Amino acid sequence: MRKAASGAAPGRPLPRAFYARDPVVVARAVLGRLLVHDSPQGRVSGLIVEAEAYRGADDPASHAYRGRTARNAAMFGEPGHAYVYFTYGMHHCLNLVTGPAGKASAVLVRALEPVEGGELMRERRGTSATARLARGPGNVARALGITRAQDGLDLVGGALWLSDLPPRRGGHRIARGPRIGIRVGLDRDWRCFLEGHPCVSGPAGGTPREGRARGAGRFPAPRLTRP
DNA sequence: TTGATGATTCGCT
DNA sequence: GCGAATCATCAAT
């Protein structure tokens, strides 16, 4: 009985200027914003509740740190485009290209609060727990139906876009912390999320844990033995 | 051409 | 809480 908002306009795409800023600024600015994907199967959308910034050449944790390649080419293009990559042999991750063209900075979308197309997301994810439909970057891509086919898509005027409606944060505060799943650059608090939000990934949901990043003690014998 | 790695997730104990 | 699964991409040879 959900009154699908086919008639109610979910806003318009944010202008390219929104993305043409520092990724840390953009990561914070997208929290509570509506991300929409008009997929062939129908529209799915959700509010971004967690995002991480990656700063290209200045950031050892970024795919772009070692320079431009075929895979990360989208990041070196104009801001306001999608960068989708495949990792761990099973997961796709969705990024928003930010900063000036050539800077290769991006914002990783880590978690969404489902808004529209919940049933379609459940179908794709194979779970009924709403809070987990789009929790974690791999799940975000799966719930939205994002694959490498969406790599390089224009977020301004395409099927995948971010709405200019005012952010809806549901009373949650914006918190910051170290990024997840990386071994370098942990000293930079470039992960932004809505504190206490049930859809946020991580140890205790959206609760910040001080002094200890996830995975900090998980590598007793570092395999990173490059000279 | 080959070997190694990874911005993860899930299931089992 | 911990370890396995799984494959595209990259760098070196």
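Lettering of chains follows the sequences in order, A, B, ..., and the numbering in each one begins at 1. Keep in mind it's a predicted model, so treat the numbers as computed, not measured.
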- Is there a stack between Tyr54(A) and dA7(B), judged by ring centres under 5.5 Å and planes under 30°? yes
- Item | Whole-Å distance separating the CZ atom of Arg71(A) from the P atom of dG6(B) | 11 Å
- Message: Checking side-chain polar atoms at under 3.5 Å, does Arg110(A) have a donor or acceptor matched by the opposite partner on Ser201(A)?
- Response: yes
- Between P of dT5(B) and CD1 of Ile182(A), the distance in whole Å: 18 Å
- Query: Under 3.5 Å, is there a donor-acceptor pair linking the side chains of Asp59(A) and Trp190(A)?
  - Reply: no
- Task: Could you check which of dC10(C), dT9(C), dC7(C) has an atom nearest any side-chain atom of Arg148(A)?
- Result: dT9(C)
- When all nucleic acid strands are considered with a 4.0 Å heavy-atom cut-off, which category describes Arg125(A): base, sugar-phosphate, or nothing? sugar-phosphate
- Hey, does the side chain of Arg183(A) come within less than 4.0 Å of dA7(B)'s phosphate (OP1/OP2), counting only N and O? no
- dT6(C) - base-pair partner by Watson-Crick or wobble geometry, distances under 3.5 Å: none
- What is the distance, rounded to the nearest whole Å, between atom CZ of Arg66(A) and atom P of dA11(C)? 6 Å
- Query: Do Asp154(A) and Arg16(A) sit within salt-bridge range, that is, some charged N less than 4.0 Å from a carboxylate O?
  - Reply: yes
- Query: Which whole-number value in Å describes the distance from Phe86(A) CZ to dA8(C) P?
  - Reply: 6 Å
- Message: Could you tell me how far apart Asp59(A) (CG) and dG6(B) (C1') are, to the nearest whole angstrom?
- Response: 15 Å
- Classify the side-chain pair Arg21(A)/Ser105(A) by whether it contains a donor and acceptor separated by less than 3.5 Å. no
- Rounded off to whole Å, could you give me the CZ-to-P distance for the Arg124(A) and dT9(B) pair? 17 Å
- Compare side-chain N and O positions of Asn72(A) against OP1 and OP2 of dC10(C) and report whether any pair is under 4.0 Å apart. no
- Query: To the side chain of Arg142(A), which of dC10(C), dA7(B), dC10(B) is closest?
  - Reply: dC10(B)
- Can you tell me the distance, in whole Å, between the CG atom of Leu108(A) and the C1' atom of dT8(B)? 11 Å
- Message: My understanding is that only one of Asn95(A), Asp151(A), Thr147(A) makes a side-chain contact (heavy atoms from CB on, under 4.5 Å) with Val84(A); could you say which?
- Response: Asp151(A)
- Message: Quick check: any donor-acceptor pair below 3.5 Å linking the side-chain of Tyr85(A) to the base of dA8(C)?
- Response: no
- Task: Would you kindly give the OH-to-P distance between Tyr88(A) and dT8(B), to the nearest whole Å?
- Result: 5 Å
- Any donor-acceptor pair under 3.5 Å from Arg55(A) side chain to Pro23(A) backbone: no
- Message: I want to verify a distance call: between dA7(B), dA8(C), dC10(C), whose nearest atom is closest to the Ser62(A) side chain?
- Response: dA7(B)
- Task: Residues of residues 90-97 of chain A with any non-hydrogen atom less than 4.0 angstrom from an atom of DNA chain B: list those, numerically ordered, please.
- Result: His91(A), Asn95(A)
- Message: If you take the centroid of each ring, where Trp contributes its six-membered ring, are His91(A) and Phe86(A) closer together than 6.0 Å?
- Response: no
